[in-house]
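Please read the structure below before turning to the comments.
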Amino acid sequence: MNWDMFLAPYNQAVDELKVKLRGMRAQYEYGSMHSPIEFVTGRVKPIKSILSKAKKKQTPHNHLEYEIQDIAGLRVVCQFVDDIYTVVDMLRRRKDFEIIEEKDYITKKKDSGYRSFHVIIEYPVETIHGEKMLLAEIQIRTLAMNFWATNEHSLNYKYSGQIPIDVQSRLKRASEAAFQLDEEMSKIRNEIQEAQAIFRH
Ligand code: GTP
Ligand code: MG
């Protein structure tokens with residue numbers, strides 16, 4: 001398998017999508033508006049991780065591009081939970097890719113305590129051989145959800161995916177604490193906005 005050749009369009013897609021999503025943030029900044037996007041990161045899945053996922057899902061190597069949806073991965077981090085839905089709405093209206101799946105792990109969190117909104121898109125990359133459609137995963141989450149997921153991910157790694165049950169339940173509680181923080185921040189934000197509206201009138 002020629003990995004460089006296989007991964008080239010994914011690298012291209014991640015680079016392009018980072019520019020495009022960061023451009024959305026920049027437009028809010030030019031307009032001196034609150035940006036629903038705090039920051040954007042992106043990565044191409046390392047070959048080792050592609051192979052271990054393929055093994056787990058029993059995906060033959062000629063099906064990787066269809067069955068592994070997050071070879072190209074983008075992450076949009078927001079300040080507030082409401083911002084996530086603003087971003088999702090903007091993604092739905094874009095004409096440079098098609099959303100093929102949405103997973104709302106915010107209203108329906110995962111058993112681990114994980115929260116995030118996932119959007120799987122079909123993204124066209126221009127290659128020297130013509131247009132190539134590929135799948136990419138965009139994860140949209142708040143700073144608090146990102147904080148939790150980043151730490152949980154690294155702990156999972158340290159425990160080789162076998163987090164002891166007591167640690168699991170503490171992580172679940174930590175995820176609730178992170179979510180309460182999000183809700184409190186939203187309340188504070190709404191109260192400030194209401195106060196400002198009264199002040200203007
Ligand atoms: P995958 O086979 O992992 O892709 O599962 P899936 O196809 O059901 O996709 P899902 O939307 O559940 O998860 C995709 C990605 O979300 C993962 O690669 C992680 O980046 C992230 N994710 C999902 N669950 C968790 C979790 O419990 N903890 C953390 N830290 N990240 C998670
Ligand atoms: Mg997936």
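Both ligands and their constituent atoms are indexed starting at 1 by order of listing. The figures that follow rest on heavy atoms only: side chains count, while hydrogens, waters and symmetry mates do not.
Under the 30°/60° scheme for interplanar angles, the aromatic rings of Phe97 and Tyr123 are found to be tilted.
Of all the heavy atoms in Asp96 and Pro124, the pair that sits closest is O-CD, 3.3 Å. Closest of all the heavy-atom pairs between Leu91 and Leu21 is CD2-CD2, 3.8 Å.
Checked against a 3.5 angstrom limit, the closest N/O atoms of Arg141 and ligand 1 fall outside it. At under 3.5 Å, not a single nitrogen or oxygen of Glu137, backbone or side chain, sits near a nitrogen or oxygen of ligand 1. At under 3.5 Å, a nitrogen or oxygen of Glu152, whether backbone or side chain, sits near a nitrogen or oxygen of ligand 1. Remark: ligand 1 and Lys45 share no N or O pair separated by less than 3.5 Å (distance only, no angle test). The distance criterion of under 3.5 Å between nitrogen or oxygen atoms is not met by Lys57 with respect to ligand 1. Inclusion of Trp148 in the set of residues having an N or O under 3.5 Å from an N or O of ligand 1 is not warranted.
Contact annotation for Lys56 and ligand 1: no heavy atom of the residue comes within less than 4.0 Å of the ligand. Here Thr150 has no heavy atoms under 4.0 Å from ligand 1, in either its backbone or its side chain. Neither the backbone nor the side chain of Gln69 has a heavy atom within less than 4.0 Å of ligand 1.
Taking the ring centroids of Tyr105 and His118, they lie under the 6.0 Å cut-off.
Ligand-side atoms of ligand 1 in range of Ser112: 26 (C), 27 (O), range being under 4.0 angstrom from any heavy atom. Residue His153 approaches ligand 1 through these ligand atoms, each under 4.0 Å from one of its heavy atoms: 30 (N). Each of the following atoms of ligand 1 lies closer than 4.0 Å to a heavy atom of Asp70: 18 (O). Every atom of ligand 1 with a heavy atom of Ala149 under 4.0 Å away is listed here by number and element: 30 (N).
Taking the ring axis of Phe80 as reference, the NZ or CZ atom of Arg189 stays within 45° of it and closer than 6.0 Å to the ring centre. Both the sub-6.0 Å distance and the 45° axial angle are satisfied by Arg115 relative to the ring of Phe179.
Between the Asp89 side chain and the Thr86 main chain, no donor and acceptor come within less than 3.5 Å of each other.
In this comparison of Arg115, His118, Lys53, the heavy atom closest to atom 13 (O) of ligand 1 sits on His118. Counting heavy atoms only, Tyr114 comes closest to atom 22 (N) of ligand 1 of the residues Tyr105, Tyr157, Tyr114. Of the candidates Glu67, Lys103, Glu101, Arg75, Lys103 brings a heavy atom nearest to atom 8 (O) of ligand 1.
For the residue pair Asp15/Tyr10, the side-chain donor-acceptor check at 3.5 Å is not satisfied.
By the criterion of side-chain heavy atoms lying less than 4.5 angstrom apart, applied directly or through intervening Ile, Leu, Val, Met, Phe, Trp or Tyr residues, Val77 is not grouped with Val119; the two fall into different hydrophobic clusters.
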Please report the C-alpha distance between Lys53 and Lys48 in whole Å, then the side-chain angles of each, then the deciding distance to 0.1 Å, and finally whether the side-chain contact (heavy atoms from CB on, under 4.5 Å) criterion is met.
CA-CA 9 Å; Lys53 192 159 173 176; Lys48 252 181 75 178; over 6 Å; no

